[in-house]
Amino acid sequence: MTISPSLRAVNLTKTYHVNELVWAIRNLYLDIFAGDFVVLAGPSGSGKSTLLHLLAGLDRPIYGDVVLEGQRYSRLDEDGLARLRRSKMGFVYQFFNLISYLSAEDNVALPLQFAGRPLPAARRRAAELLSLVGMDQRRRHLPSQLSGGEQQRVAIARAMANEPDFLLADEPTGNLDSHRAHDIVELFARLNRDMGKTVVVVSHSDLFHRYANRVLGMLDGRLDTEQRRVGGELRPVEHRR
């Protein structure tokens, strides 16, 4: 039986004008399957973050399309894309993006309130998620009272608020020391392994490679190399150019 991809990039191309025309993504095809743990690797400027933003519907290609569980982004307006992201995706950023005057609990509760859940119920769900990421004893603290690793755990709990199928993360360990980075990598691995979340991570760090079932190397806006986990080891597969 053929398994269909859950998330598909079809001939994606994205350019920017920064004094000159920059090709950020070039004619890119990618299939991501339910339960995948995918790492997008490569040098700065290779297109990793641009691709992640296109997959999340946070940016639009100049041509090509993204298809999420049969829904083409090109057929959705901005409100439709926002509803799709809210129901299907959680996004984790390098710089945490927590609201400074809200407690950890209220930062996690906020997207639940946007989705229409009353504040008491939103806070109960937020407390459950903070417990899941090991932050139940710190849920009343402000972001300024938390370490970088703790703030990122809160950000991951917030990304999980609406029970998304996909977790997308852009350099989630980029601002952390090696010990805290390791903890965050293991948390992503647990969410993938134990809760079945499909994870797509942009990272310069090879810490994620230990848990990924696919590592995609990007260069000049294209998928350049791929490794897949076979028998517990990452092994190169056919060159993608």
Side-chain angles (χ1 to χ4, degrees), residues 6-7 34-39 52 56 82-203 205 207-213:
S6 296
L7 182 62
D36 267 351
F37 193 134
V38 177
V39 175
L52 195 74
R83 286 192 296 271
L84 187 66
R85 283 194 301 270
R86 190 164 58 238
S87 64
K88 293 290 184 179
M89 291 186 171
F91 207 96
V92 180
Y93 300 89
Q94 178 178 351
F95 296 101
F96 320 134
N97 290 354
L98 301 177
I99 298 175
S100 62
Y101 56 84
L102 293 181
S103 68
E105 185 175 82
D106 283 341
N107 264 282
V108 177
L110 194 61
L112 292 161
Q113 291 178 266
F114 286 151
R117 194 172 299 195
L119 180 58
R123 282 179 169 161
R124 285 194 297 273
R125 174 61 177 158
E128 293 172 0
L129 289 165
L130 288 168
S131 179
L132 176 70
V133 300
M135 288 293 293
D136 50 322
Q137 300 301 314
R138 308 281 279 170
R139 67 180 186 273
R140 303 294 188 189
H141 288 65
L142 295 173
S144 61
Q145 298 169 315
L146 303 174
S147 70
E150 289 173 332
Q151 289 186 64
Q152 193 61 292
R153 286 177 177 271
V154 174
I156 292 169
R158 179 185 58 191
M160 293 281 291
N162 287 315
E163 302 183 39
D165 297 322
F166 298 84
L167 281 177
L168 280 62
D170 194 355
E171 296 285 2
T173 62
N175 280 340
L176 305 178
D177 62 36
S178 59
H179 176 72
R180 292 185 174 91
H182 188 269
D183 289 344
I184 293 302
V185 171
E186 289 198 337
L187 177 55
F188 274 101
R190 182 158 55 90
L191 294 171
N192 171 255
R193 180 186 65 244
D194 298 343
M195 300 186 69
K197 302 301 178 184
T198 302
V199 175
V200 184
V201 177
V202 165
S203 181
S205 172
L207 288 173
F208 285 100
H209 295 196
R210 178 180 176 185
Y211 301 103
N213 70 309

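Residue numbers count from 1 along this sequence.
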Please give me the minimum heavy-atom distance between [X] and [Y], naming the atom from each residue.
{"X": "Ser203", "Y": "Ser205", "result": "OG-N, 2.9 Å"}
{"X": "Ala126", "Y": "Ala109", "result": "CB-N, 3.8 Å"}
{"X": "Ala161", "Y": "Leu129", "result": "CA-CD1, 3.5 Å"}
{"X": "Leu146", "Y": "Ala104", "result": "CD1-CB, 4.4 Å"}
{"X": "His141", "Y": "Gln137", "result": "CE1-O, 4.0 Å"}
{"X": "Pro143", "Y": "Leu98", "result": "CG-CB, 3.9 Å"}

My understanding is that only residues two or more places apart in sequence, or in another chain, count here; which of them pass side chain to side chain donor-acceptor pair (under 3.5 Å) with [X]?
{"X": "Arg85", "answer": "none"}
{"X": "His209", "answer": "none"}
{"X": "Glu105", "answer": "Arg139, Arg140"}

Quiz item: Hey, does the side chain of Gln152 reach the backbone of Gly149 with a donor-acceptor pair shorter than 3.5 angstrom?
Solution: no
Self-check item: Sidechain-backbone polar pair: Asn107 side chain, Ile99 backbone, donor-acceptor under 3.5 Å
Solution: yes
Quiz prompt | Sequence neighbours excluded, every pair satisfying side-chain hydrogen bond (donor to acceptor under 3.5 Å, both in side chains) that has a member inside residues 164-174 | solution = Ser49-Asp170, Lys88-Asp165, Glu171-His204
Practice problem: Can you tell me which residue pairs pass the side-chain hydrogen bond (donor to acceptor under 3.5 Å, both in side chains) test with a partner in residues 126-136, sequence neighbours excluded? | Solution: Arg125-Glu128
Self-check item: Sequence neighbours excluded, every pair satisfying ring-ring contact (aromatic ring centres under 6.0 Å, His included) that has a member inside residues 96-119
Solution: none
Quiz prompt | Sequence-distant partners of Ala212, side chain to side chain contact (heavy atoms under 4.5 Å, CB included), two or more places apart | solution = Phe37, Val39, Val215
Name the atoms and distances for all side-chain donor-acceptor pairs under 3.5 Å in residues 115-124, with sequence neighbours left out.
residue: Arg123; atom: NE; partner: Asp106; partner atom: OD1; Å: 2.8
residue: Arg123; atom: NH2; partner: Asp106; partner atom: OD1; Å: 3.3
residue: Arg123; atom: NH2; partner: Asp106; partner atom: OD2; Å: 3.1

Practice problem: Provide the full list of salt bridge (Lys or Arg N to Asp or Glu O under 4.0 Å) pairs with a residue in residues 153-162, sequence neighbours left out, each pair given once. | Solution: none
Quiz item: What's the spacing between Met89 CE and Leu84 CG if we round to 0.5 Å?
Solution: 6.5 Å
Practice problem: Hey, could you give me the CZ/CG distance between Phe208 and Asn192, rounded to the nearest 0.5 Å? | Solution: 11.5 Å
Quiz item: With a 4.5 Å heavy-atom cut-off, do Asn162 and Leu112 have their side chains touching?
Solution: yes
Table please: side-chain donor-acceptor pairs of residues 180-191 below 3.5 Å, with sequence neighbours left out.
residue: Arg180; atom: NH1; partner: Asp177; partner atom: OD2; Å: 2.7
residue: Glu186; atom: OE2; partner: Tyr211; partner atom: OH; Å: 3.2
residue: Arg190; atom: NH1; partner: Leu132; partner atom: O; Å: 3.4
residue: Arg190; atom: NH2; partner: Leu132; partner atom: O; Å: 3.1

Exercise. Not counting sequence neighbours, which residues clear ring-ring contact (aromatic ring centres under 6.0 Å, His included) with Phe91? List them please.
Key: His53, Tyr93
Review item, side-chain donor-acceptor pairs of residues 193-201, under 3.5 Å, at least two apart:
residue: Lys197; atom: NZ; partner: Pro164; partner atom: O; Å: 2.7
residue: Thr198; atom: OG1; partner: Gly35; partner atom: N; Å: 2.8

